[in-house]
Amino acid sequence: MTFEIEVNGRTRRVSVERAGTEPGQFLVGVDGTTKVVDARRVGEFGISLLFPGDAHAGTAIDLAPGSAPGEVLAHLAGRTIRIVVNGRRAARRGADTSGTAHGEQKVTAPMPGRVVRVLVAQGEGVAARQPVVVVEAMKMENELRSPKAGRVKDVAVEAGTSVEAGRVLIVIE
Amino acid sequence: MTFEIEVNGRTRRVSVERAGTEPGQFLVGVDGTTKVVDARRVGEFGISLLFPGDAHAGTAIDLAPGSAPGEVLAHLAGRTIRIVVNGRRAARRGADTSGTAHGEQKVTAPMPGRVVRVLVAQGEGVAARQPVVVVEAMKMENELRSPKAGRVKDVAVEAGTSVEAGRVLIVIE
Amino acid sequence: MKILIANRGEIAVRIIRACREMGLPTVAVYSDCDRGARHVRDADQAVHIGPSPPSQSYLRIDRLLDAARATGADAVHPGYGFLAENAAFARACRDAGLTFIGPSPDAIEKMGSKTGARAIATRAGVPVVPGTDEPFAAAATDRQIVDAATRVGYPLLVKAVAGGGGKGMRAVETPDSLLNAVRTARSEAGSAFGDTAVYFERRLIRPRHIEIQLLGDCHGTIVPFVERECSIQRRHQKVVEESPSLAVTPALRGRIAAAAQSVAKAAGYTSAGTIEFLLDEDGSFYFLEMNTRLQVEHPVTEMVTSIDLVHWQIRIAQGERLSIDPERALAPHGHAIECRIYAEDPDQGFMPSPGLIRGVRAASGPGIRNDGGVVAGYTVPVFYDSMIAKLIAWAESRGAALARMERALREYEVLGIRTTIPFFLWLMREPDFVDGRFDTTYLDQVLASRRGDSFMTLTEPEETELAIAAGLDAWWRATSGAASSSRASGSAWKSAARQDALRG
Amino acid sequence: MKILIANRGEIAVRIIRACREMGLPTVAVYSDCDRGARHVRDADQAVHIGPSPPSQSYLRIDRLLDAARATGADAVHPGYGFLAENAAFARACRDAGLTFIGPSPDAIEKMGSKTGARAIATRAGVPVVPGTDEPFAAAATDRQIVDAATRVGYPLLVKAVAGGGGKGMRAVETPDSLLNAVRTARSEAGSAFGDTAVYFERRLIRPRHIEIQLLGDCHGTIVPFVERECSIQRRHQKVVEESPSLAVTPALRGRIAAAAQSVAKAAGYTSAGTIEFLLDEDGSFYFLEMNTRLQVEHPVTEMVTSIDLVHWQIRIAQGERLSIDPERALAPHGHAIECRIYAEDPDQGFMPSPGLIRGVRAASGPGIRNDGGVVAGYTVPVFYDSMIAKLIAWAESRGAALARMERALREYEVLGIRTTIPFFLWLMREPDFVDGRFDTTYLDQVLASRRGDSFMTLTEPEETELAIAAGLDAWWRATSGAASSSRASGSAWKSAARQDALRG
């Protein structure tokens, strides 16, 4: 069985099959390189991996569901990593992705708050991760960034506006 | 909706219905005395109760499934309490309760171990909670007790025997 | 004494713990979104006080007093934030016959005005950062403002008299940006505190933030404690605190502590409070302001002095005399450091990351203290400060404390939301931080220099391991048929079955 | 240095934590039933060493050495129990070129024989409990046995030379039960230790168990620490330990510590070890035995001295000289108490209660240390000691430490199995325990006097609350239709839906 798995923005092809009849033994291929993996579920979110072929190296990863279909938040030694399983397929199935299909991306309010400053104007070019709008929420001013390099197609709010979660603030094309 | 609920060996009749349309508000009757309860699930096992009518007293209880049908292990302020929900009904549905119906109860090995001493002989009278057999397991000698007052109908093991979990050791009638 | 805790989150849990240890019953209060919060679970009684926005619940003095009345509470602990430094609340408690576990309303009022507090410090003979002694009148002319700035000298800070947390504050490097900065600061202060008054302070170039915790009883005794250093700030918000400071010698400690004690005496201070100083590169220090309450970072002081500050707040409120050896309070034992764990995504500019917490596994073991405020199943709301826990590490030396903190951060799991733990993991290895070469501008500078690089750095094997884990998880879901593919996880009941599946 | 930990459970986790803090990689080993155990999760590498019974895994010296070889480990930490006091294992490690983090094989051997250790103590000028100096030969006649008993005096204890944990031990009150007791003890010792040798010791009437932790380096320095009191024992197994002891004055502490130091010097001891004493009512103390390893109860010493014993074990093994101030090691700071949390049902005569742990919420906050060995989703196996965690409370005084422990025990949740937490909650309020009026016979006596009464005492309102909670849970399951009535719980995914259901 093969999956397309995006880890930290990089997409890998992962194939999984059982290794013989031994319990918990798998052959897992990542982009064509296959290893024997000794895997065990621990609790609702935990997975313990051992690699008998790599001097018995081991790791423990917890996987909790994320907010989007196919999205998983993984916990590994203090870090939280976004993983998307079969993201392209999920996106194809999804309904709210028409904008993405046209290369358009929206900067939306992640939570209720108040727009403090708009940092770009319509038509302006922006770099990926460039701050485009500042929203105050949860006692902090938060810079929202452009998801990609492009041009500001629309500025849908002005400073001082109170916004609900999900409200479109800026559209980048 | 009414349930028969056994807490620490005492059976209560508990009726539950919603109190109006307020979220989380219930009318719960215990043996005929009804209170308004403000109840909230927290996580998989947690339940938070507030009693607006009792000076806003509150308590937090976690309920995890036990090993028998209808059995729940409840956690309340450091203590673990066995609760059985609709136990008689569950027992009626169950298959392995013929002995109970005839008043017979079995002392079984709770885990694999070795019988160290048998403390009673066939035909002997025993009190409730009287130790009847000692099994060594998990580095400790463990006294198993009679579940009720009665007479030893059968001693099914002798000292020195290794036993598996669930093996019948003594039958009390 | 039954204590109503007019707060939420980790500090409410902390206070409930202290009360339980002292055998005192507790009353929690909660807003709509906090019905499932941990402090509600933990208290003996809990009263709903309104909708989620603070102005309709945790800031409603009338409802808090009603809650105390309805539950028979006879004392109120305000925690920090919300109404903790609100003299009107302290006065309303007193008038309602409730013991306010904190300083007197007068002391709160006196030290609440930044310019007023500066005047008290000056009279007590404690140096203050050079600046204007009085706030500007709303009608001050541009000329008056420019002249005052010239007298204070550049660079300077425009600061709100009622300020806090960096709000209503603007740095001015040169005269030409002055008037604009004053206007912005005034408007920000107006909307944040309902008070447009501002004043000027000289901006020190590389100041360290050093503060002195103190306790005062109702019999005139004031005990100052070993300093905390809180120079690790992001946008004027403390994120890491430690005690003692690498920059403070025992001799300097004695002088700062004595200065703090004089200011507190001058203010007639009782209960727990903190006097903040800026420490200049040349070793001179300046009074900055006083916090008339328990502080977020109080645990580091507790860990190096073994004195429980919340117990003492309650004992002082009960009229007890301080019986702390002043020498012990000033002699730190080992080193303690605290990381404030926020529900924020450090990879998105520390954007708040509220949401459902699916699991919490707090760090533990030798030398670790976790003051947590959340439980699995709780949804971090969007209405409040996003701090969900404080992790404190103690060890014999600063180096060992940092190593222990790193060990604990790796252990700490909060599933379902993002937290600042990965940021702290990074910080624990930053050379300037490790070597103690920092001031209050350090963190913003080093963050800016990273240009938004991810804190979730992975080695190549780690990245592969994550892909493998996710692949196995997906394989299990696909083969078990027990959950649809859009649902990443089954129940505890099912996990036993899943273990079997993975074994098979 | 890469360290293989030849152990499991909380002590393996404790050692992994220390290694991480020191920047050292770790190798775990595990048996079949421990594949999902926490120490396997936490280590950098993990090697399967065999089936679940200890004799086929954790006691297999050959497989442990193979595991070290396969992972490139160059040191072995044995923890406690299993092979920790096995001289052959220490020797095999040395012969395989591995550093054994513990004393020399010779020291283990010398102190491993109870009669041999008694002889060393006597030669070092330390009083031993009156008894026979040599074990009885297997061929000893009844007459020889009776004569020896008469010389020792009644009441006496028959003890296995290779004994430990109360195994192969019998109390004899009067001469007529002597020969029977010797026979039973011999047979028990034979099956438990493969050695039928026994000897006699006078039984003190109300002894307290006092022990001295010590560290020895490879350069001849031995530092003794403030005593621990471990008189709270159930069937000769310690369940609560504390430091300091209420029964030990500073002067007595000095004398016991000096005695312990002499014995350790005479044995040429290095690494961490403990010398156990019995303290008689009249203040005289007697050498009992030496434990040539880290002990379960080491954290209470760490908490009152702020010295990390596991770090020091590793540093000593690396050849470092002890740099501990001996005065500080003997001057306790505050009071620490430890409760051993077992997976046992106190209401069924402390029967082991293995099984699936559905959730763990460890106690935390000020003054609390949790050394845990399990995680949610782990099944406590039937093959080993059932201790799942140690909870340690520190405070300025013993009274405050007990209050804090009680607070923490109430917080501590282990869902799905039964634990000894309710027993400890009861103990924290037992008047004789609270007042320190106890000896090693106290706990068995007070437990016997309870005649099996339940520890799960509930107030009438609590009982009603439980019925209400169970009723609401049943109602939800019945109305949601999401789970059959025999399944008490849904998934994390479903719990959000359940919250809505309960709201509605």
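Reminder, nothing fancy here: chain letters follow the sequence lines and each chain counts from 1.
- Contact tally against chain D (heavy-atom pairs below 4.5 Å) for C/Ile392, C/Ile307, C/Asp371, C/Asn370: the top residue is C/Asn370.
- Looking at C/Val375 and D/Glu413, their side chains never come closer than 4.5 Å, going by heavy atoms from C-beta outward.
- Each of D/Arg35, D/His333, D/Glu10 has some count of heavy-atom pairs under 4.5 Å with chain C, and the biggest count is that of D/His333.
- To the nearest 0.5 Å, atoms CD (C/Glu396) and NE2 (D/His311) are separated by 9.5 Å.
- Of the atoms belonging to C/Arg404, heavy atoms from both backbone and side chain fall under 4.5 Å from chain D.
- For the atom pair CD1 (D/Ile16) and CZ (C/Arg407), the distance works out to 11.0 Å, reported to the nearest 0.5 Å.
- Per-residue counts of heavy-atom pairs under 4.5 Å with chain C were compared for D/Pro366, D/Ala395, D/Gly372, D/Ala403; the largest is that of D/Pro366.
- Contacts with chain D were tallied for C/Met22, C/Arg369, C/Arg41, C/Arg14; C/Arg369 has the most, counting heavy-atom pairs under 4.5 Å.
- Most heavy-atom pairs under 4.5 Å with chain C, from the set D/Arg410, D/Lys390, D/Glu406, D/Met405: that is D/Arg410.
- The residues C/Arg17 and D/Glu411 are annotated as salt-bridged, a charged nitrogen and a carboxylate oxygen being separated by less than 4.0 angstrom.
- Here C/Arg328 is the residue among C/Met303, C/Glu302, C/Arg328 with the most heavy-atom pairs under 4.5 Å with chain D.
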